[in-house]
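Just the heavy atoms: all of them, side chains too, but no hydrogens, waters or symmetry mates, feed the values below.
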Amino acid sequence: QAPLVESGGGLVQAGGSLRLSCTASRGTFSSLAVGWFRQPPGKEREFVAADTWSGGSHHYSDSVKGRFTISRDNTEKTVYLQMNSLKSEDTAVYFCAAGKPPHRLGVPRIHQTEYDYWGQGTQVTVSS
């Protein structure tokens, strides 16, 4: 069983909203740093948002800042990505990721190499 499973992707019109979910199937979720990345068609995977293991610090790419919000529910072992005011350029496969300790306090992980577990990806398509 994959350690992380995403859901919530789909087709939405520009200006609309979607909420992605990513649930951990095992392990102590509260000890993990979590993040979201995306891979647009024909492009490399890029950072979207990150949440520290303590949940006290968030970081966003400039392209989504003010429109996307990352959050987590340790009881449900789930991290969310609320996406509002979607644009056609947000079309991509979205991946969640989780990183094991040790952590740098208050420092979100923005590089793929900083994560240990990945989900299978969920497609988000924004029509203009």
Side-chain angles (χ1 to χ4, degrees):
Q1 186 177 6
L4 298 172
V5 179
E6 300 106 334
S7 61
L11 174 65
V12 63
Q13 290 188 332
S17 299
L18 280 176
R19 188 177 80 158
L20 305 182
S21 301
C22 173
T23 301
S25 62
R26 58 180 182 265
T28 306
F29 183 78
S30 60
S31 69
L32 302 174
V34 291
W36 288 93
F37 289 75
R38 67 186 182 186
Q39 187 165 13
K43 298 183 180 180
E44 295 187 350
R45 192 175 302 185
E46 63 186 23
F47 169 76
V48 174
D51 181 286
T52 60
W53 70 276
S54 64
S57 178
H58 299 160
H59 188 76
Y60 300 92
S61 68
D62 289 341
S63 61
V64 307
K65 196 174 297 182
R67 300 187 298 121
F68 290 12
T69 303
I70 187 172
S71 61
R72 65 190 297 163
D73 184 334
N74 289 333
T75 301
E76 297 295 326
K77 296 187 177 182
T78 299
V79 56
Y80 302 98
L81 185 67
Q82 178 66 45
M83 305 185 295
N84 298 328
S85 302
L86 283 161
K87 306 175 182 180
S88 58
E89 51 262 45
D90 294 318
T91 294
V93 178
Y94 284 71
F95 298 88
C96 66
K100 298 184 294 185
H103 304 293
R104 293 183 291 169
L105 291 180
V107 179
R109 307 184 184 193
I110 63 173
H111 304 290
Q112 297 181 56
T113 54
E114 296 179 288
Y115 290 90
D116 302 288
Y117 306 112
W118 290 85
Q120 81 286 356
T122 186
Q123 177 70 46
V124 172
T125 303
V126 183
S127 63
S128 56

Between atom [atom1] of [X] and atom [atom2] of [Y], what is the distance when rounded to the nearest 0.5 Å?
{"X": "Lys77", "Y": "Leu32", "atom1": "NZ", "atom2": "CG", "value": "9.5 Å"}
{"X": "Leu86", "Y": "Arg67", "atom1": "CG", "atom2": "CZ", "value": "6.5 Å"}
{"X": "Arg109", "Y": "Phe47", "atom1": "CZ", "atom2": "CZ", "value": "12.5 Å"}
{"X": "Asp90", "Y": "Asn84", "atom1": "CG", "atom2": "CG", "value": "10.5 Å"}
{"X": "Leu20", "Y": "Trp36", "atom1": "CG", "atom2": "CH2", "value": "4.5 Å"}
{"X": "Met83", "Y": "Arg19", "atom1": "CE", "atom2": "CZ", "value": "11.5 Å"}

Under the side chain to side chain contact (heavy atoms under 4.5 Å, CB included) rule, what do Glu114 and Arg104 come out as? Steps first, then yes or no, please. CA-CA 11 Å; Glu114 296 179 288; Arg104 293 183 291 169; 3.4 Å; yes
Short question: side chain of [X], backbone of [Y] - any donor-acceptor pair under 3.5 Å?
{"X": "His59", "Y": "Val107", "answer": "no"}
{"X": "Asp116", "Y": "Lys100", "answer": "yes"}
{"X": "Glu6", "Y": "Cys22", "answer": "no"}

Is there a path of hydrophobic side-chain contacts, each under 4.5 Å between heavy atoms of I/L/V/M/F/W/Y residues, joining Val34 to Tyr80? no
Test side chain to side chain contact (heavy atoms under 4.5 Å, CB included) on Val64 and Arg38 and set out the steps. CA-CA 11 Å; Val64 307; Arg38 67 186 182 186; 3.8 Å; yes
Check this for me, if you would: do Lys65 and Asp62 make a salt bridge, where the nitrogen-to-carboxylate-oxygen distance has to be below 4.0 angstrom? yes
Which heavy atom of Thr91 sits nearest a heavy atom of Pro41, and at what distance? O-CD, 3.6 Å
Ring-plane angle category for Tyr115 and Phe37, please: parallel below 30°, perpendicular beyond 60°, tilted otherwise. perpendicular
Would you check if there is a donor-acceptor pair between the side chains of Thr23 and Thr78 at a distance under 3.5 Å? yes
